[in-house]
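The shown structure was predicted, so the numbers you read here are calculated from the model rather than taken from an experiment. So you know, we letter chains A, B, ... as the sequences are listed, proteins then strands, and number each from 1. Side chains are part of it too, since the values below use all heavy atoms of this structure and drop only hydrogens, waters and symmetry mates.
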Number of protein chains: 2
Amino acid sequence: MPLELRALRYFVAVAEARHITRAARQLGMAQPPLSQQIKALEQHLGAALFRRLPRGVELTPAGEALLDDARALIQQAEQAEVRVRRVARGELGRLRLGMINSAPFHPLIPGVIREFRRRYPTVALSLDEGTTPLLAAAVLARRMDAAFIRPLLAPEEGLVETPLMSEDLVIALPSGHPLSRRRRLPLMALSLEPFVLFPRAVGAGLHEEILRACHRVGFLPRVVQETSQVTSIVNLVAAGMGVSIVPASMQQAQIDGVSYRAIAGAVPKARLSLIHRADEADAAQIQNLLQLV
Amino acid sequence: MPLELRALRYFVAVAEARHITRAARQLGMAQPPLSQQIKALEQHLGAALFRRLPRGVELTPAGEALLDDARALIQQAEQAEVRVRRVARGELGRLRLGMINSAPFHPLIPGVIREFRRRYPTVALSLDEGTTPLLAAAVLARRMDAAFIRPLLAPEEGLVETPLMSEDLVIALPSGHPLSRRRRLPLMALSLEPFVLFPRAVGAGLHEEILRACHRVGFLPRVVQETSQVTSIVNLVAAGMGVSIVPASMQQAQIDGVSYRAIAGAVPKARLSLIHRADEADAAQIQNLLQLV
DNA sequence: CAAGTGGCATATGCAAATCGTATTGCAAAA
DNA sequence: TTTTGCAATACGATTTGCATATGCCACTTG
């Protein structure tokens with residue numbers, strides 16, 4: 001029958017009160033059971049912890065030695081308790097977050113991240129960029145806890161996808177391009193232009209969305225250059241490599257040599273989702289994050 | 001109802017086995033009560049510690065966090081236990097020892113101290129010198145735990161005195177003193193000599209013993225110099241200040257200018273005692289020390 | 001000096017926590 | 001679909017822990 005914290009708590013109370021009766025009162029119990037517990041503890045340890053005096057008790061050297069350890073143990077147990085609760089509430093721990101390249105340009109994302117850091121400053125937050133499929137794979141493989149991505153083509157086993165918002169897509173033209181004279185352009189105006197787009201392999205929902213929109217108005221974009229990062233697409237457009245269709249929030253990135261024009265007619269949307277593992281749907285960090293978005 | 005170590009031991013077992021059933025076997029109990037205990041712990045902490053899988057269980061982040069703390073707590077509790085036992089057995093702790101100035105010259109004392117250090121190397125041993133009354137007061141005031149002293153004139157309340165041994169007293173003469181031509185001297189031969197002795201106030205049993213011996217043969221020593229330390233007495237004798245009567249073991253101290261002569265007739269004795277507090281008669285250090293002497 | 005007081009130990013009875021046995025439930029593997 | 005492995009639930013049995021009552025000892029007080 002091993003040592004229990006209860007015994008140590010009783011012991012400390014008696015050691016501090018130097019009286020069994022008084023300690024019992026402070027503990028909210030009667031004196032006899034406390035005497036028993038102390039006796040049992042002494043028997044268990046095979047050592048006298050107190051000297052019984054006519055007027056109270058006194059610590060023996062062995063009791064002296066135990067007192068320090070007992071206090072430390074009790075306090076550490078309490079600390080362990082609060083630590084677990086904090087981890088459970090997500091106030092402590094870590095959150096490995098991923099995001100696609102274009103996410104930081106939409107004001108929502110930096111806002112959420114800033115707010116998370118403000119609310120849970122003790123959570124170690126790590127941030128990485130990647131493409132939608134890479135991020136999904138990382139979350140699934142537990143190398144990441146959650147990620148802001150473009151919608152997945154097919155629902156992934158073991159992943160939960162939470163749609164966050166959708167924003168308009170806009171046309172990106174090299175500055176001075178003939179089409180840039182008009183404020184709004186129908187998609188069809190791009191039918192003969194060279195395109196800079198995501199590679200099909202990488203392209204998750206967004207690539208699909210763009211192709212579908214073009215298809216709807218009756219053409220297939222002629223892709224002259226592929227790159228997996230939105231920022232690179234914009235840079236290639238600036239270099240005059242071609243035109244592209246990007247999320248409206250990319251206009252936040254003030255890049256010389258690129259003009260953005262709204263799409264006339266049916267405007268295709270860029271949707272953003274947050275994914276996390278299904279088996280961590282109740283993990284506190286995830287919950288806290290979801291609450292913010 | 002606070003946290004108990006039992007719960008943590010159960011938790012660690014389950015966390016390490018990753019199975020409740022297997023952990024229960026290792027703990028020597030059935031599976032249902034263990035399930036209950038784990039559930040109760042989770043409820044108490046307000047946090048899920050395990051994810052129940054079809055094939056065993058898995059730690060949640062909160063459980064992960066608790067595991068380290070739980071292991072540490074259990075181990076520290078065990079360490080505290082062995083520490084108390086060791087203190088109780090006197091293998092750990094401290095022993096503040098005192099001795100009179102002449103004690104180190106009797107082979108018994110250094111022998112005992114050396115043996116104590118060999119047997120209980122983890123006991124912090126401190127050593128101080130002093131006069132018999134000062135040492136008795138220090139022990140009584142708990143500034144010291146035990147002391148080698150000359151016998152007390154009267155038994156002191158709260159102190160236990162253990163007689164250790166007695167040795168002959170011998171006469172100390174300055175070298176070349178006329179009396180030093182004879183190997184043995186009757187005490188009476190010193191009746192007209194100047195004496196170097198302890199001050200009466202300091203003098204406990206030994207001072208008394210010397211005076212009584214002189215009184216027995218019919219003279220009162222003429223004290224020309226007083227000092228409370230035996231070594232000083234011997235030095236003063238060496239300086240030709242007078243003669244003295246000292247424990248035979250002082251011959252161990254090879255001091256130039258002093259000759260020792262045995263006493264003819266009834267030889268007075270120098271007795272040595274060990275004292276310690278009565279209320280610590282059962283203290284392990286004291287017991288160990290007494291066992292050695 | 002005798003009665004009173006303070007404080008710890010022991011005895012006994014009860015209530016609650018813990019455990020074991022039996023059973024159910026559920027999801028993956030055969 | 002059946003089987004299997006493992007956790008959850010139900011309930012009776014046992015142990016543990018606490019409270020009340022009492023005894024004993026040392027010191028205090030009238």
(message) Does this structure show an ion pair linking B:Glu4 with A:Arg9, if we count only N-O contacts that are shorter than 4.0 Å?
(response) yes
(message) So, OP1 or OP2 of C:dC8: does either fall under 4.0 Å of a side-chain N or O from A:Lys39?
(response) no
(message) I want to verify a distance call: between D:dT9, D:dA7, C:dC8, whose nearest atom is closest to the A:Arg52 side chain?
(response) C:dC8
(request) Before accepting this row, confirm whether a basic side-chain N of the pair A:Glu16/A:Arg71 lies closer than 4.0 Å to the acidic partner's carboxylate O. (result) yes
(request) In whole angstrom, give the distance that lies between atom CZ of A:Arg22 and atom C1' of C:dC8. (result) 14 Å
(request) In plain terms, say whether A:Glu42 and A:Arg52 are close enough for a salt bridge, that is, a side-chain N and a carboxylate O under 4.0 Å apart. (result) yes
(message) Each nucleotide in nucleotides 13-30 of chain C should get exactly one letter: B, S or -. Can you fill that in based on protein heavy atoms under 4.0 Å?
(response) -----SSBBB-----S--
(request) Please determine if a side-chain N or O atom of B:Ser35 lies less than 4.0 Å away from the OP1 or OP2 oxygen of D:dA7. (result) no
(request) In plain terms, say whether A:Asp145 and A:Arg277 are close enough for a salt bridge, that is, a side-chain N and a carboxylate O under 4.0 Å apart. (result) yes
(request) Ignoring backbone atoms, test whether B:Thr21 places a side-chain nitrogen or oxygen under 4.0 Å from the OP1 or OP2 oxygen of D:dC6. (result) no
Tabulate below the donor-acceptor pairs under 3.5 Å that side-chain atoms of residues 17-27 of chain A make, not counting sequence neighbours, or state none.
| residue | atom | partner | partner atom | Å |
| --- | --- | --- | --- | --- |
| A:His19 | NE2 | A:Arg22 | NH2 | 2.5 |

(request) Round to a whole Å and report the spacing from CZ of B:Phe50 to P of D:dA8. (result) 10 Å
(request) Nearest whole angstrom, please: distance from the C1' of D:dA26 to the NE2 of A:His19. (result) 14 Å
(message) If you compare all heavy atoms of B:Val160 against all heavy atoms of B:Ala278, which two are closest, and at what distance to 0.1 Å?
(response) CG2-CA, 3.6 Å
(request) Starting at atom CZ of A:Arg9, determine the distance to atom P of D:dG17, rounded to an integer number of angstrom. (result) 13 Å
(message) Without decimals, in angstroms, what is the distance between A:Leu53 CG and D:dC24 C1'?
(response) 17 Å
